[in-house]
Trainee: 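Questions regarding the structure given below will be posed in turn.
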Amino acid sequence: MDEKKENILNNNFLSRGCSAAPRIYDKNDHIYKHGCCKLDSYNFLSDIPPADGAKTFPNVEVRFKNSRLEFCHMTEEQDLKIGDIVAVEGSPGHDIGIVSLTGEAARLQMKKKNADVKGELKKIYRKARVTDIEKWIKAVEKEESTKFKTREEARKLDLQMKINDIEYQGDSTKATFYYTAEERVDFRELIKVLADEFKVRIEMRQIGVRQEASRLGGMGSCGRELCCSTWMTRFKSVSTSSARQQQLSLNPQKLAGQCGKLKCCLNFESAMYEDALNEFPNSKVVLKTKKGDATHHKNDVFKKLMWYSYAEERSDIMAIPLDKVKKIIRDNEKGILPEKLEDFAFVKDKKVDFENAADQDDLKRFD
């Protein structure tokens, strides 16, 4: 393994948007990289100069670990840029974050997320000093060991909960423990043990299974990294109606993601299917022919085909083009019955075997 890959694997700050761990005696101007982790915000207004006489927007977006970001207020004396490591007001003490958006882009982002511009935002104290970064590095390095130790203590107390992630505040005075549990958990004894063990203020925060999957990460059945751990920030409810609309097999093992819930990607194409199915007639409508009545089975949205079969006899289902189905329905409303449904069935083009062609006339059509 080369040195570059080893540094990436050993980088505990990757979840905070840092391509490399910060150094104490360095400016750390280039450790923040766009696209290093989730919730990256691209400033599309970076090459547009502000209007003459316009005041600088006093709020900035600050990133912390994983999916946590906050909008903070800076003073007029502070001139912050994207990538600056700053000390932010905490409760108690201060936290360390990285500025991810400034100026007009931060204002638009606040408007998009319905953040209260006039409300009380956390203050930015200063750009991080050497002592601040030193404390920050030590705090981050303790997170993994704290997580495993907490799991052991929870197992000793027989608590039905799973510790997913630990986030230390930048000054090491507070630690947030993210956990999942199926039922309500009495963790008061656990908090006492953790407070005695780590000498910090403890905050327990319960998250859902989807948030757990986004923090832990993994590979989906598509072969790519989970959407929730790469770019998804908002989790919408997913129902089986989306699977029915796309005519997927209602098999829980195939429809469930790594979190055990229905896959979020079922909603990605749901709107497109909904628009396409508006062109299709009601599937409950029976096609009437002189040979017999035909009932609907399924649709092919992309090829615009509808499958029907005779209700009275056991026959193979037939694919009927959408326009012909509409024509049959219009004729039925006028009292006109076609002879049989086979006259409208979709017929595939004849395939020619070039190696063992019995009919040479078929080959001449391709000359």
Side-chain angles (χ1 to χ4, degrees), residues 13-19 28-128 132 136 165 167-171 174 176 178 203 205 207-208 210-211 214-215 227-237 264 267:
F13 290 82
L14 190 63
S15 60
R16 289 170 167 84
C18 300
S19 59
N28 296 311
D29 291 337
H30 304 290
I31 65 168
Y32 175 80
K33 297 291 184 181
H34 284 287
C36 275
C37 68
K38 187 178 174 181
L39 293 181
D40 179 59
S41 300
Y42 176 70
N43 187 2
F44 61 96
L45 299 174
S46 58
D47 57 344
I48 301 177
D52 296 336
K55 294 183 178 180
T56 305
F57 188 66
N59 301 329
V60 296
E61 182 189 80
V62 180
R63 292 189 52 175
F64 299 94
K65 187 177 182 181
N66 286 329
S67 58
R68 188 168 75 92
L69 59 83
E70 296 179 6
F71 294 100
C72 303
H73 181 76
M74 65 177 180
T75 60
E76 295 181 358
E77 294 79 13
Q78 294 172 342
D79 183 19
L80 300 178
K81 299 178 181 179
I82 295 177
D84 287 343
I85 305 175
V86 292
V88 183
E89 178 185 1
S91 56
H94 68 271
D95 201 356
I96 301 295
I98 302 176
V99 178
S100 56
L101 276 183
T102 60
E104 188 66 15
R107 186 188 67 81
L108 294 175
Q109 191 76 340
M110 291 186 69
K111 182 179 179 181
K112 176 184 176 182
K113 297 189 176 183
N114 297 322
D116 189 5
V117 180
K118 298 181 180 179
E120 294 184 0
L121 300 177
K122 291 184 177 180
K123 299 178 182 178
I124 296 179
Y125 291 142
R126 58 185 178 274
K127 286 187 179 181
D132 296 329
W136 189 35
D165 195 14
E167 182 179 2
Y168 268 88
Q169 195 168 271
D171 58 356
K174 177 184 174 183
T176 304
Y178 297 92
E203 179 183 347
R205 186 172 298 178
I207 59 176
R210 294 185 187 276
Q211 287 78 13
S214 68
R215 287 179 174 273
C227 297
C228 57
S229 64
T230 52
W231 61 271
M232 281 189 66
T233 58
R234 298 181 180 179
F235 299 98
K236 297 181 180 179
S237 60
C264 296
N267 283 341

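FYI, side chains are in, hydrogens and waters are out, and symmetry mates aren't considered; it's all heavy atoms of this structure. Treat the numbers as computed from the prediction; the structure is a model and nothing was measured.
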Trainee: Do you see a donor-acceptor pair shorter than 3.5 Å between the side chains of Glu167 and Thr176?
Mentor: no
Trainee: Would you call Arg68 and Glu70 a salt bridge, taking side-chain N to carboxylate O under 4.0 Å as the test?
Mentor: yes
Trainee: Are the side chains of Leu121 and Met110 in touch, meaning some heavy atoms are under 4.5 Å apart?
Mentor: yes
Trainee: Quick check for you: to the nearest 0.5 Å, what is the distance between Ile82 atom CD1 and Leu101 atom CG?
Mentor: 5.5 Å
Trainee: For the backbone of Lys81 and the side chain of Thr102, can you confirm whether one donor and one acceptor N or O come within less than 3.5 Å of each other?
Mentor: no
Trainee: Do the non-hydrogen side-chain atoms of Asp165 and Lys65 ever get within less than 4.5 Å of each other?
Mentor: yes
Trainee: Between Ser91 and Lys174, which heavy-atom pair has the shortest distance, and what is it?
Mentor: O-CD, 3.5 Å
Trainee: Indicate the atoms forming the closest heavy-atom contact of His94 with Asp132, along with that distance.
Mentor: NE2-OD1, 3.6 Å
Trainee: Quick one: does any side-chain atom of Gln78 pair with a main-chain N or O of Tyr125 as donor and acceptor, under 3.5 Å?
Mentor: yes
Trainee: Report the C-alpha distance between Met74 and Val86 in whole Å, list the side-chain angles of each, state the deciding distance to 0.1 Å, and finish with yes or no for side chain to side chain contact (heavy atoms under 4.5 Å, CB included).
Mentor: CA-CA 10 Å; Met74 65 177 180; Val86 292; over 6 Å; no
Trainee: Write down the atom of Arg16, the atom of Arg63, and the distance for their closest heavy-atom approach.
Mentor: C-NH2, 4.5 Å
Trainee: To the nearest 0.5 Å, what is the distance between CD1 (Ile96) and CG (Asp171)?
Mentor: 7.5 Å
Trainee: Over all heavy atoms of both residues, which pair between Cys228 and Ser214 is shortest? Give the atoms and the distance, please.
Mentor: O-CB, 3.1 Å
Trainee: About how many Å separate CG of Leu69 and CD of Gln109, when rounded to the nearest 0.5 Å?
Mentor: 7.5 Å
Trainee: What are the two closest heavy atoms between Val60 and Ala106, and how far apart are they?
Mentor: CA-CB, 4.3 Å
Trainee: Check the pair Asn66 / Tyr178 against side chain to side chain contact (heavy atoms under 4.5 Å, CB included), numbers first and verdict last.
Mentor: CA-CA 12 Å; Asn66 286 329; Tyr178 297 92; over 6 Å; no
Trainee: Kindly determine whether Asp95 and Lys122 satisfy salt bridge (Lys or Arg N to Asp or Glu O under 4.0 Å), including the steps that lead there.
Mentor: CA-CA 10 Å; Asp95 201 356; Lys122 291 184 177 180; over 6 Å; no
Trainee: Under a 4.5 Å cut-off applied to non-hydrogen side-chain atoms, are Glu89 and Cys72 in contact?
Mentor: no
Trainee: I need the minimum non-hydrogen distance between Gly90 and Gln169, along with the two atoms involved.
Mentor: CA-OE1, 4.1 Å
Trainee: If I take atom OG1 from residue Thr75 and atom NZ from residue Lys123, how far apart are they, to the nearest 0.5 angstrom?
Mentor: 10.0 Å
Trainee: Measure the spacing between CZ of Phe64 and OG of Ser100 and express it to the nearest 0.5 Å.
Mentor: 9.5 Å
